[in-house]
Amino acid sequence: MTADLPDFSQGAAFVEGRYVQASEARLSILDWGFTRSDVTYDVVHVRDGGFFRLDDHLDRFERSLAACRLTPPHSRAEIAAILERCVALSGLRDAYVAMVCTRGRPRIFGSRRPADCENLFTAYAIPWIDVIPLDVQARGAHLHVASVPRIAAASIDPTVKNYHWGDLTRGLFEAHDAGADTAVLLDSDGFVTEGPGFNVFMVRDGEVLTPDRGALEGITRRSVLDLCAIIGLPARIAPLRHEDLLQADEVFCTTTAGGVMPVARVDGHIMNNDAPGPVSLRLKALYWQKHAEGWHRTEVNYAAAKT
Ligand code: PLP
């Protein structure tokens with residue numbers, strides 16, 4: 001770190017054209033991203049100095065932007081360069097890297113028209129986060145099936161990454177009150193959707209299954225489906241009900257911020273002698289092995305991106 005640069009070791013952010021320490025990054029309280037959750041975002045991880053599936057995350061971010069009619073003032077290539085610069089400035093080899101586009105503020109004071117707003121792009125790289133802590137992953141997470149239903153997909157499209165977390169947050173409080181680690185939400189017809197920050201999988205009679213509705217099309221979920229194809233494990237996207245979850249041989253969760261995260265209990269149902277199951281552990285190991293082999297890797301150029 002040179003003397004004239006701030007200490008970015010706890011994260012670097014890009015806000016209004018400047019790179020600042022992540023802890024110092026600020027947005028206006030008048031930004032509709034804050035007042036209306038009028039925002040979309042994506043999160044990619046850096047593992048051992050390389051982005052994982054960066055193009056897939058940028059593709060999804062572009063689809064989310066289009067769905068929300070948001071236009072950041074940067075091209076895709078510029079966004080990729082900003083993300084790399086945030087990582088490079090931080091020096092982090094393992095990082096959680098977010099790209100965010102908020103509606104911003106109306107150019108005409110008092111306008112209620114979304115099209116009048118100046119959209120804002122922000123980004124940041126912060127130290128690695130595990131959505132389910134590593135010690136909990138090791139013993140197998142305890143999932144609580146929340147009573148609050150996932151917000152209707154016809155109202156808020158769950159395939160567009162969003163900050164409408166009211167239902168997920170209520171689910172988390174319920175789970176913690178019940179002594180569980182985290183929650184999974186059903187839709188109002190009783191089908192399994194997803195949890196706060198992750199997709200859900202189950203293994204039944206040797207087949208790997210993940211819900212077909214109410215969920216983000218997770219990049220980690222896609223990776224798991226790819227890995228199943230590589231090792232010849234049958235896998236399917238299917239409608240899954242609450243009772244399927246309770247009768248599963250194994251359950252695991254997937255996310256960019258944690259990878260494949262095994263589950264040992266769903267409500268009162270205990271699986272695999274209260275420990276992570278063999279298929280979950282195999283996929284988890286393979287996921288990280290493939291990372292180490294350079295699967296879908298984009299190298300971070302730490303030296304060049306800082307200049
Ligand atoms: N579902 C929700 C609601 C999420 O917020 C996330 C990730 O943050 C996921 C699923 C997992 O998606 P990915 O594997 O792309 O990180």
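Since the structure is predicted, the reported quantities are computational estimates derived from the model, not experimental observations. Read the numbers this way: they start at 1 and go in the same order the structure lists the ligands and their atoms.
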Are there any protein N or O atoms under 3.5 Å from the N or O atoms of ligand 1? List them with distances, or say none.
from: ligand 1; atom 1: 1 (N); to: Glu194; atom 2: OE1; distance (Å): 2.7
from: ligand 1; atom 1: 5 (O); to: Lys161; atom 2: NZ; distance (Å): 3.4
from: ligand 1; atom 1: 8 (O); to: Lys161; atom 2: NZ; distance (Å): 2.6
from: ligand 1; atom 1: 14 (O); to: Ile219; atom 2: N; distance (Å): 3.3
from: ligand 1; atom 1: 14 (O); to: Thr220; atom 2: N; distance (Å): 2.9
from: ligand 1; atom 1: 14 (O); to: Thr220; atom 2: OG1; distance (Å): 2.5
from: ligand 1; atom 1: 15 (O); to: Arg60; atom 2: NH1; distance (Å): 2.8
from: ligand 1; atom 1: 15 (O); to: Arg60; atom 2: NH2; distance (Å): 3.0
from: ligand 1; atom 1: 15 (O); to: Ile219; atom 2: N; distance (Å): 2.8
from: ligand 1; atom 1: 16 (O); to: Thr256; atom 2: N; distance (Å): 2.9
from: ligand 1; atom 1: 16 (O); to: Thr256; atom 2: OG1; distance (Å): 2.6

For the pair Glu78 and Arg76, find out whether any cationic side-chain nitrogen is under 4.0 Å from an anionic carboxylate oxygen. no
Relative to each other, are the rings of His45 and Trp128 parallel, tilted or perpendicular (30° and 60° limits)? tilted
Please give the remaining members of the hydrophobic cluster of Leu281, linking ILVMFWY side chains under 4.5 Å, ordered by chain and number. none
Go through the steps for Tyr287 and His291 under the test ring pair (Phe, Tyr, Trp, His ring centres under 6.0 Å), then give the verdict. CA-CA 6 Å; Tyr287 179 76; His291 272 68; 4.6 Å; yes
Who passes side-chain hydrogen bond (donor to acceptor under 3.5 Å, both in side chains) against Asp167, sequence neighbours left out? Arg150
Please list all pairs passing the side chain to side chain donor-acceptor pair (under 3.5 Å) test where one or both residues lie in residues 96-119, with sequence neighbours left out. Asp31-Thr102, Asp38-Arg103, Arg107-Glu118, Ser111-Asp116
